[in-house]
2 protein chains.
Amino acid sequence: MSVDDAETLPERPRRRRTPKPHAAGVKAVAAAAGVSLGTVSNVLNRPEVVSPLTRAKVESAMASLGFVRNESARQLRAGSSRILAYLMLDAGNPFFTDVAKGVEEAAQAAGLSVFLCTSSEDADREAAYLDLLEQQRVQGILITPIDQNSSRLRKLPSRGTPVVVVDRALDEGEHCSVAVNDVLGGELAISHLLELGHERIAYVGGPNTIGQVVDRREGARRALRTAGRPAADLVELTTGALTVAEGRGAGQRLAGLPADRRPTAAFCANDLLALGLLQQCVSLGLRVPEDLAIVGYDDIEFAEAAAVPLTSVRQPRQLLGRTAAELLLDESSNPDHEHQRVTFTPELVVRTSTRGTL
Amino acid sequence: MSVDDAETLPERPRRRRTPKPHAAGVKAVAAAAGVSLGTVSNVLNRPEVVSPLTRAKVESAMASLGFVRNESARQLRAGSSRILAYLMLDAGNPFFTDVAKGVEEAAQAAGLSVFLCTSSEDADREAAYLDLLEQQRVQGILITPIDQNSSRLRKLPSRGTPVVVVDRALDEGEHCSVAVNDVLGGELAISHLLELGHERIAYVGGPNTIGQVVDRREGARRALRTAGRPAADLVELTTGALTVAEGRGAGQRLAGLPADRRPTAAFCANDLLALGLLQQCVSLGLRVPEDLAIVGYDDIEFAEAAAVPLTSVRQPRQLLGRTAAELLLDESSNPDHEHQRVTFTPELVVRTSTRGTL
DNA sequence: GGAAGGCTATGAAAGGTTTCAACAGCGTCC
DNA sequence: GGACGCTGTTGAAACCTTTCATAGCCTTCC
């Protein structure tokens with residue numbers, strides 16, 4: 001240590017900021033390869049315009065310096081992102097992860113990447129992620145919204161971030177939407193149970209703020225009307241969420257009813273509820289489907305894997321995701337894009353939980 | 001149209017690029033509010049240093065212009081990102097989504113957001129996402145790797161992107177890791193089955209490139225040795241992946257064995273396999289646990305919800321994710337950070353699939 | 001032999017934000 | 001009454017890349 005050091009110690013040299021370990025940028029690469037900045041950029045973005053020799057020099061310089069392109073700077077200048085986001089309602093529900101698989105498929109085909117986010121059915125979280133994604137200037141947002149009337153959601157497209165609503169059909173607005181006809185799904189389920197001779201049927205689902213819950217119940221009621229049955233034949237059990245645990249709770253309530261008042265069949269708003277219900281009822285001694293037939297909704301993989309395979313209303317999950325992503329891509333690349341509402345048709349898959357041995 | 005126009009038509013005015021619809025930046029906000037650029041930035045980043053009056057002016061200007069902060073520019077200049085990424089093996093496995101939940105929890109507590117990515121057990125995809133995330137300069141990466149010896153993975157930390165390996169303990173290297181003792185888990189499962197009097201036991205799992213599969217089998221063998229049993233008592237059924245479908249296939253093979261050679265118990269490398277196995281065996285007429293006892297691994301929610309509730313080895317999934325995220329945060333904020341290998345202890349949860357009625 | 005034209009490579013400008021040294025205004029203290 | 005300190009605000013530089021008009025060189029063709 002020299003005397004000098006001691007003197008200058010108090011006023012530290014003060015770098016502008018702590019630099020990342022080895023941040024080699026295009027500049028360093030250009031210097032190492034003996035070319036200009038622009039050429040390095042061309043190697044990255046339009047390799048075909050640069051001569052093979054030069055390209056090789058640049059590429060080897062990149063490799064030896066460990067160059068990593070700074071996406072922020074790229075995006076800032078180029079103005080576009082190569083990323084799509086899917087904001088899910090609940091990552092724990094296999095339905096959504098299957099939709100996500102379809103999204104990824106379509107994105108990969110277009111050379112884009114997908115970031116998944118999950119709102120966990122929390123409106124604040126949803127809002128926070130929407131803000132974040134907008135600030136990131138992602139190419140577009142796919143969302144299964146909690147509240148489809150959110151003003152935040154409506155504002156996004158006018159500011160340049162395309163939005164596609166997944167699994168919910170919006171009446172109007174600045175987005176495309178992709179959904180499955182939930183009313184029809186409900187009808188399918190109840191018609192099936194009526195054909196099997198069931199008279200008193202439970203509808204298990206909630207909360208009523210969730211559009212899917214409402215639509216599926218509406219379908220159930222419609223099927224009863226069509227069959228000329230009184231609406232009172234549908235016993236409604238409301239749950240607090242669409243989870244296995246809530247399904248178990250509903251099972252408890254159901255099994256507790258005296259046998260002569262207990263429904264002989266239950267239609268659940270999704271498979272998680274149905275699986276919980278199934279488990280609880282079986283463990284309380286009810287036989288499925290003899291004492292209680294059960295129909296679920298979504299046909300997730302675990303529906304078939306349950307020891308009493310579950311009859312369920314199948315939705316084209318992956319197709320849903322793929323279509324949504326394709327609509328989004330069209331919106332962001334095709335100047336004549338027109339918003340669409342795509343609706344798919346659900347399909348009843350009959351298994352042991354309603355028909356017994358086949 | 002003037003004559004001039006006709007003349008200049010061929011050489012189109014050529015905007016630098018098509019601007020996003022209404023891109024109001026800090027500059028526009030500053031102008032509208034009658035303050036300088038720096039003040040707007042202060043409102044965004046250090047609101048406490050700006051006087052309430054000025055702040056109000058700026059905020060109302062922001063609102064009326066629909067200002068959205070450009071995160072790319074922010075990150076470019078500030079050098080740091082407020083985002084964490086978790087690169088999962090398989091979004092369809094509830095185990096990983098539960099881990100993700102823990103990650104989100106910890107991230108939220110620290111004011112960060114989480115992007116989820118899924119490699120779908122595809123090494124190329126994993127590599128592509130790692131590149132992407134590094135280019136995005138995310139604050140750090142949590143990963144359950146396919147190949148934990150990937151050179152790409154090892155390079156990341158030295159270039160400034162911290163990495164924490166989840167659900168895998170690495171022997172060395174530049175990262176922290178968080179894992180559960182899989183060997184012990186295997187031992188727990190087999191010891192339990194031995195105590196129940198089973199003599200011929202199947203181990204169902206694969207492929208052998210997956211560390212978890214290997215470790216759990218190792219634990220199984222160790223338990224047999226400890227009990228003084230020959231290694232041949234463990235019948236190995238190798239699967240191609242850890243999925244429900246593969247479990248079903250294994251069930252088919254198992255049920256096809258003549259009763260006197262068929263194992264009386266099966267230990268599966270994860271719950272997806274176990275659920276598939278359970279379903280197939282039941283539908284082929286085997287009684288669980290009387291004819292075949294089954295132990296799974298992970299204790300995902302569906303394990304308990306299965307109509308024959310599954311005995312399983314429970315891992316602290318959410319805690320795993322939370323701890324991993326905390327290690328990552330420490331690494332990126334604490335200059336004295338030292339890499340750690342955290343190992344949790346698994347726990348056997350006994351249910352009907354091995355013990356019958358309780 | 002010289003002009004035209006095709007390839008490549010160059011260098012400066014631009015993109016929106018944060019940062020920070022400097023400054024203005026104003027009350028306080030001696 | 002002057003120096004000082006405090007609070008709030010300013011303006012320019014810096015972050016790293018992409019873009020594009022232009023320049024240089026080489027070939028080709030008249």
Side-chain angles (χ1 to χ4, degrees), chain A residues 11-20 22-31 33-58 61-62 65 67-82 134-137 159-160, chain B residues 11-20 22-31 33-58 62 65 67-82 134-137 160:
Chain A
E11 43 169 301
R12 60 201 163 95
R14 184 194 287 270
R15 289 262 127 262
R16 282 281 163 147
R17 65 188 182 84
T18 36
K20 288 261 173 177
H22 315 282
V26 271
K27 188 144 51 177
V29 172
V35 300
S36 77
L37 282 192
T39 300
V40 177
S41 178
N42 280 336
V43 170
L44 285 170
N45 302 297
R46 282 178 299 281
E48 71 282 1
V49 312
V50 75
S51 76
L53 180 71
T54 315
R55 197 191 321 170
K57 275 193 299 185
V58 172
M62 282 178 173
L65 289 174
F67 170 77
V68 177
R69 181 217 231 115
N70 185 324
E71 177 67 19
S72 295
R74 199 213 118 256
Q75 190 169 300
L76 174 59
R77 175 62 232 214
S80 78
S81 152
R82 305 296 294 166
E134 190 179 14
Q135 292 176 182
Q136 289 279 344
R137 301 290 196 272
R159 290 196 199 129
Chain B
E11 43 168 302
R12 59 201 165 91
R14 184 196 286 271
R15 290 260 127 264
R16 284 279 163 149
R17 67 188 181 82
T18 36
K20 287 261 174 178
H22 316 281
V26 270
K27 188 142 54 174
V29 172
V35 300
S36 78
L37 284 192
T39 300
V40 177
S41 178
N42 280 336
V43 170
L44 285 169
N45 301 297
R46 284 178 298 283
E48 71 282 1
V49 311
V50 54
S51 75
L53 180 70
T54 315
R55 196 189 326 168
K57 274 193 300 183
V58 172
M62 284 179 170
L65 289 174
F67 170 77
V68 177
R69 181 216 232 117
N70 185 325
E71 177 66 19
S72 296
R74 197 212 120 258
Q75 191 170 306
L76 173 60
R77 173 61 230 210
S80 79
S81 152
R82 305 296 293 165
E134 191 179 13
Q135 291 177 184
Q136 290 278 345
R137 302 289 195 274

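Proteins come first, then strands; the chains are lettered A, B, ... in the order of their sequence lines, and each starts at number 1.
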Worksheet entry | A:Glu71 CD - D:dT17 C1' separation (whole Å) | 10 Å
Practice prompt. Select one nucleotide: of D:dT17, C:dT17, D:dT10, the one nearest the side-chain heavy atoms of B:Asn42.
Written response: D:dT10
Worksheet item: When you look at B:Val40 and B:Lys27, which way does the side chain to side chain contact (heavy atoms under 4.5 Å, CB included) test go after all the steps?
Response: CA-CA 8 Å; B:Val40 177; B:Lys27 188 142 54 174; over 6 Å; no
Practice prompt. Rounded to the nearest angstrom, tell me the gap between atom CZ in A:Arg74 and atom P in D:dT17.
Written response: 12 Å
Worksheet item: Which is true for B:Val35 with a 4.0 Å heavy-atom rule: it touches a base, it touches only sugar-phosphate, or it touches nothing?
Response: sugar-phosphate
Discussion item. Please give me every residue in residues 48-56 of chain B whose heavy atoms get under 4.0 Å of an atom in DNA chain D, ordered by residue number.
Written reply: B:Val49, B:Val50, B:Ser51, B:Thr54
Worksheet item: Over how many whole Å does the gap from B:Arg137 atom CZ to D:dT17 atom C1' extend?
Response: 11 Å
Practice prompt. Starting at atom NZ of A:Lys27, determine the distance to atom C1' of D:dC15, rounded to an integer number of angstrom.
Written response: 10 Å
Worksheet, complete the sentence: Out of D:dT19, C:dT17, D:dC15, minimum distance to the side chain of B:Leu76 belongs to D:dC15
Practice prompt. Using whole Å, report how far CG of B:Leu44 lies from C1' of C:dT18.
Written response: 10 Å
Practice prompt. Measure from the side chain of B:Val26, starting at C-beta and using heavy atoms only, and say which of C:dT17, C:dG15, D:dC16 lies closest.
Written response: C:dT17
Practice prompt. Round to a whole Å and report the spacing from CG of B:Asn45 to P of C:dT18.
Written response: 4 Å
Worksheet item: How long is the gap from CG on A:Leu44 to CZ on A:Arg55, to the nearest 0.5 Å?
Response: 12.0 Å
Fill in: Result of checking B:Arg74, B:Gln136, B:Gln75 against A:Ser72 for side-chain hydrogen bond (donor to acceptor under 3.5 Å, both in side chains)
B:Gln75
Worksheet item: From the list D:dT10, D:dT18, D:dT19, which nucleotide is the closest neighbour of the side chain of A:Arg46?
Response: D:dT19
Fill in: Nearest-nucleotide comparison on DNA chain D, the residue closer to the 5′ end among B:Thr39 and B:Ala73
B:Thr39
Worksheet entry | Under the side-chain hydrogen bond (donor to acceptor under 3.5 Å, both in side chains) test, residues paired with B:Arg69 that sit two or more places apart | B:Asn45
Discussion item. On a heavy-atom basis, which atom in A:Ala33 and which in A:Val58 lie closest, and how many Å separate them?
Written reply: CB-CA, 4.0 Å
Worksheet item: NZ of A:Lys57 versus C1' of C:dA9: gap in Å, rounded?
Response: 10 Å
Worksheet item: At what distance, to the nearest 0.5 angstrom, does OG of A:Ser80 lie from CZ of A:Arg137?
Response: 12.5 Å
Fill in: Distance, nearest 0.5 Å, that separates CG of B:Leu76 from CD of B:Glu71
11.0 Å
Worksheet entry | Spacing between B:Arg77 atom CZ and D:dA12 atom C1', to the nearest angstrom | 11 Å
Worksheet item: Touch check for B:Gly38, heavy atoms < 4.0 angstrom, all strands: base, sugar-phosphate only, or nothing?
Response: base
